[in-house]
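Note sheet for the following structure.
Letters A, B, ... mirror the listed sequences (proteins, then strands); counts begin at 1.
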Amino acid sequence: MLEEEYQLDYFKEQGMVRKICRSCGSAFWTRDSAREICGDAPCEPYNFIGEPVFKTHNLDTMREAYLSFFEKQGHTRIERYPVAARWRDDIYLTIASIADFQPFVTSGIVPPPANPLTISQPCIRLNDLDSVGRSGRHLTTFEMMAHHAFNTPSEEIYWKDRTVELCDQFIASIGGDLNKVTFKESPWIGGGNAGPSVEVLIGGLEIATLVFMSLGRKKTDQPGYDLKGEMYYPMKLRIVDTGYGLERLVWASKGSPTIYDAVFPEMVSHVMGAAGLSHMLDNKDYTRILSLNAKFAGLMDISGTNLFQLRKKVAAAIDISPEKLDRIITPMEKVYATVDHTRCLAYMLGDCIVPSNVREGYLARLVIRRTLRMLTDLRIDEPLADLIEQQTRIIGMKKFEQDISVVREIAERETEKYASTLERGTRIVQKIAKTYKAKSQRVPLSEIITLYDSHGIQPEMIKDIATKEGAVVDLPDNFYSMVADMHSESKKEAEVDTKAKYDERVQGLPPTKKLYYEQSSDIEFEAVVLDFFDGYAVTDQTLFYPEGGGQPADTGTMVSAESMVRVDDVIKVGEVILHHISGGILQRGDRVKGMVDEERRWSLMRHHTATHIILHAAKEVLGAHIHQAGAQKGAESSRMDLRHFKHITPDELRRIETAANRLIMANQQVEISTEDRTRAEQKYGFSLYQGGVPPGRDLRIVKVAGDIEACAGTHCRSTGEVGVIKIIRVEHIQDGIERIEFTAGIAAIYYMQHLEQIVTSSAEALSVQPDNLPATVNRFFSEWKDQKKEIERMSSKVVELEMQSLVAESMDGISVVIKRVDLPQKELAQLASSVSENGGIALLAGVGETVRVVLASGDSRVNAGEIIGQVCSLLGGKGGGKPTMAQGGGPDVGQIDLALKVGRERIIAALQE
RNA sequence: GGGCUCGUAGAUCAGGGGUAGAUCGUCACGUUUGCAACGUGAAGGCCACGGGUUCAAAUCCCGUCGAGUCCA
């Protein structure tokens with residue numbers, strides 16, 4: 001990035017100078033002309049530890065200081081967004097304040113909720129999970145405080161100078177000494193955008209980043225910049241994207257040894273107490289160790305083997321052995337990590353993430369299990385649910401949507417679930433360890449990878465258990481990266497966006513007037529064809545609903561003066577609606593009469609309205625946390641996926657169905673209005689976005705029976721028009737997601753008639769009244785089982801009887817039975833083996849549809865497996881088995897006597913060898 | 001969204017083409033004042049479901065359903 005980007009008037013007015021760091025060579029601005037170091041790690045240590053650089057604040061007071069400062073400076077305060085980024089499909093968790101405004105606001109499609117604005121956004125980043133607790137500064141959850149300004153060609157809010165000035169003023173307002181502040185030039189690239197940026201440093205700590213997002217990947221007529229091999233071009237929209245670390249500011253204001261002691265002191269001392277560690281912060285030696293540890297950690301990246309390096313350095317500085325240091329500090333690190341993780345979970349679960357094995361649910365489970373392991377290591381009995389609840393109380397109950405009792409239940413269920421996984425894992429490992437011990441081999445790496453990958457057993461745990469069993473396990477240092485390598489082999493195919501290719505064609509066309517919203521019960525309209533290409537007709541207005549929001553497109557016909565065509569698909573590209581037609585063509589300028597297939601449209605509207613009703617009913621029955629995780633409406637049936645942490649029981653399902661139908665019978669008006677996005681979000685909350693986040697300045701708000709959503713679909717005018725809802729089934733799609741399949745209106749009637757038909761025909765088949773069907777079926781099944789057993793008893797009787805009638809001949813002192821016995825294979829085998837058990841030999845053949853042959857040998861000279869093959873080949877079949885017992889058969893019934901004769905000869909021959 | 005593992009008796013699991021097994025639990029009888037323990041015996045299996053391959057499938061192949069787990 002060009003140097004002149006940083007030549008701000010503000011810097012110059014303030015008498016600041018641009019210097020080059022003696023240590024790292026980066027450029028930075030400072031008021032202190034004697035300064036030679038940029039102020040960033042690793043060039044400068046954390047010298048604020050023990051020497052706070054701001055007036056003391058806790059999280060709440062610092063946040064308020066920040067937000068109210070920027071409010072006074074003309075910014076509008078915006079409520080935080082959830083930590084689960086449900087409005088985005090590229091990330092699961094909110095990772096920065098700017099993430100709230102991506103992609104619609106930052107791309108200029110949607111205006112920001114306010115401009116300029118200020119916000120304190122809780123963010124979760126799990127990429128440095130290993131460092132949390134150890135480094136003294138890493139957190140999974142932090143609040144990114146920000147002031148954002150969105151500059152357009154027509155409206156300039158403020159840009160670099162004012163941003164830096166505001167930053168200075170804020171730092172001064174919390175007691176920071178501006179002479180100690182440095183601004184380090186640090187060009188920023190990320191997520192397809194780029195721009196100049198400065199890091200704001202004080203006391204060795206980076207407390208904020210001021211990003212001036214002004215470049216994008218999209219080519220414009222202005223000259224571009226080559227940044228790390230990619231071209232970036234100036235954008236129309238220039239965004240001030242700042243990020244101030246709330247926790248870091250609090251840390252710097254307290255100067256405590258670690259960030260953890262600064263931001264959640266109550267929880268740290270609580271967890272230390274629970275772990276039986278005396279509160280070490282009262283002990284000066286411990287504080288010194290912690291401070292040193294944090295200072296050194298600040299200077300290095302401590303992932304993997306670097307941890308040992310850190311220990312060595314700190315140990316050398318305080319003159320104890322690294323091992324002793326490790327014993328002192330490891331429990332502390334686990335306490336810190338536990339406190340951090342439980343806070344993270346308070347946010348995750350409080351913001352309605354349901355733990356599961358996919359998507360953000362997996363991330364929640366990952367954190368839960370890490371925490372449970374640490375609680376075990378620290379020998380803390382206190383339930384995870386209690387710790388999360390305390391964190392929730394500290395943050396503030398009111399900040400969360402999810403009910404605390406549900407959060408607790410989820411935590412308890414997850415704890416149990418993990419316990420049973422561990423139990424199962426232990427058994428599997430013991431088994432495998434025994435196997436390899438018996439073979440006196442080491443447990444191979446492939447087994448360990450399978451155990452981890454498929455059963456979720458941590459390698460360290462495998463080693464512990466296997467060692468107890470006496471088996472040898474080698475664990476490579478790079479175990480996890482080996483597993484990762486294995487996974488990276490599978491690649492994703494890029495999705496082809498069919499709509500994208502019409503983008504340009506459509507740009508010259510006016511937005512299509514959407515009649516289906518105003519006149520949702522009409523089916524006929526007139527329009528003028530504005531364009532026709534690729535089988536798609538664009539008209540000035542339409543009643544045809546385009547595919548969207550899980551609702552399929554309408555179908556119907558269009559009639560012009562010359563032709564009549566079928567409309568078989570309708571899509572929306574931007575604000576223009578494209579009708580795909582077949583059976584003819586239309587021309588630009590044609591006047592057409594459109595007719596929507598009435599029954600289909602009504603069915604879709606009923607199903608769509610029913611989706612809202614069921615969602616509301618499910619909330620009533622299952623709890624306020626119920627969220628839609630996806631939905632597909634159809635003309636015959638529809639389905640809706642719900643986020644829920646346990647199986648929906650048949651009884652709950654019936655209650656949902658009943659509640660839904662009561663809502664229909666209440667026949668309330670469906671209210672549809674257009675409201676300002678920001679106001680709607682504040683009024684109704686983010687539960688508006690059940691089916692994703694629609695773009696645009698305004699939202700179309702649909703209220704159905706107490707359910708309020710931003711929804712673009714077509715709906716009935718009142719709940720009564722839905723007619724009836726019949727739930728077909730509930731399926732468990734994944735951990736944490738239940739799918740309800742249902743049908744509405746006439747389709748529901750057809751479905752119930754179909755069910756009735758099934759019952760009637762089943763009852764007829766058994767000649768009973770439908771009411772008696774369950775009892776009769778049960779009776780039949782148990783009778784069938786009884787008879788099966790009876791047959792078994794009988795056949796063993798038959799075997800016994802046959803045994804008595806078998807005449808054994810003696811060959812070479814061995815009793816041999818060769819006979820045709822017409823019994824099924826199983827009985828023949830029983831019969832034969834009872835002969836061979838006494839050292840004899842039995843060759844038995846029975847005729848059913850084909851010939852079945854069994855040869856059992858109690859004499860080592862006679863190999864049953866070899867002889868049976870020759871016998872069976874005479875019968876036109878094959879056979880085989882073990883030396884002691886062989887079975888086979890063939891289709892040539894007529895050859896049975898010959899086959900037995902040959903068998904006899906072979907047995908005699910074998911005995912004489 | 002992708003990968004992997006697993007579905008066998010009430011529970012936990014062996015068996016991995018050739019007669020369905022073990023341990024615990026249950027029941028009965030015996031020993032015992034009673035319990036525990038022990039002994040003897042019994043009951044208990046659509047080997048998840050549906051196809052296919054084979055003379056023969058719990059076992060191999062394909063699909064479905066269910067459970068678990070790793071990763072993005």
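- Nearest heavy atom pair, residue A:Arg369 against residue A:Thr421, reads NH2-OG1, 3.8 Å.
- B:U8 and B:G15 have their P atoms separated by 14 Å, with the value rounded to a whole Å.
- Judged purely by atom type and a 3.5 angstrom limit, A:Asp340 has no side-chain atom pairing as donor or acceptor with the backbone of A:Leu139.
- When all heavy atoms are compared, the tightest approach of A:Ala618 to A:Ile626 is O-CG1, 3.9 Å.
- Where A:Ala886 and A:Thr421 meet RNA chain B, the nucleotide closest to each residue was compared, and A:Ala886 sits on the side nearer the 5' end.
- Following rounding to the nearest Å, A:Leu844 (CG) and B:U19 (C1') show an atom-to-atom distance of 13 Å.
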Verdict with reasoning, A:Arg373 to A:Glu460, per salt bridge (Lys or Arg N to Asp or Glu O under 4.0 Å): CA-CA 12 Å; A:Arg373 277 199 295 278; A:Glu460 296 78 16; over 6 Å; no
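- Between A:Ser833 and A:Tyr418, the one whose closest nucleotide on RNA chain B sits nearer the 5' end is A:Ser833.
- Annotation: B:C38 and B:G25 have their P atoms spaced 8 Å apart (nearest Å).
- Spacing of C1' atoms, B:G50 relative to B:C55, comes out at 24 Å, to the nearest Å.
- One C1' atom belongs to B:A11, the other to B:G3, and the distance between them is 31 Å to the nearest Å.
- The separation of B:G17 from B:A72, taken at their C1' atoms, amounts to 40 Å, rounded to a whole angstrom.
- Regarding contacts with the backbone of B:C6, every side-chain N or O of A:Ser454 stays at 4.0 angstrom or more from both OP1 and OP2.
- Distance A:Gln825 CD to B:G17 C1': 13 Å, rounded to the nearest Å.
- Separating the P atom of B:G21 from that of B:G45 is a span of 15 Å, rounded to the nearest Å.
- B:G44 and B:A20 have their C1' atoms separated by 14 Å, given to the nearest Å.
- An OP1 or OP2 oxygen of B:U69 is reached within less than 4.0 angstrom by a side-chain nitrogen or oxygen of A:Arg365.
- In this structure, A:Gln830 atom CD and B:U19 atom P are separated by 11 Å, rounded to whole Å.
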In residues 882-902 of chain A, what donor-acceptor pairs under 3.5 Å come from side-chain atoms, sequence neighbours left out?
{"residue": "A:Gln887", "atom": "OE1", "partner": "A:Gln825", "partner atom": "NE2", "Å": "2.5"}

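- The separation between A:Gln887 atom CD and B:U54 atom C1' is 14 Å, rounded to whole Å.
- Here the P atom of nucleotide B:U23 and the CD atom of A:Gln430 are 19 Å apart, to the nearest Å.
- Residue A:His455 has its side chain nearest to B:U5 when only B:U5, B:G3, B:U69 are considered.
- The interatomic distance linking A:Ile432 (CD1) with B:C6 (P) rounds to 10 Å, in whole Å.
- For A:Lys878, the side-chain atoms get nearest to B:C55 when compared with the rest of B:U5, B:C55, B:U19.
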Secondary-structure string, 5' to 3', Watson-Crick or G-U under 3.5 Å, | for another-strand partners, for RNA chain B: (((((((..((((....[..)))).(((((.......))))).....(((((..]....)))))))))))).
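- Between B:U19 and B:A67, the distance separating the two P atoms is 34 Å to the nearest Å.
- Between A:Lys882 atom NZ and B:G16 atom P there is a gap of 10 Å when expressed in whole angstrom units.
- Here the side chain of A:Gln430 pairs no donor or acceptor atom with the backbone of A:Ile465 at under 3.5 angstrom.
- Taking side-chain N and O atoms only, A:Lys417 has a distance below 4.0 Å to OP1 or OP2 of B:G68.
- Residue A:Arg852 places no side-chain N or O under 4.0 Å from the OP1 or OP2 atom of B:A56.
- When all heavy atoms of A:Gln628 and A:Leu642 are compared, the pair lying nearest together is CA-CD2, 4.3 Å.
- Between the NZ atom of A:Lys826 and the P atom of B:C55 there is a distance of 22 Å, given to the nearest Å.
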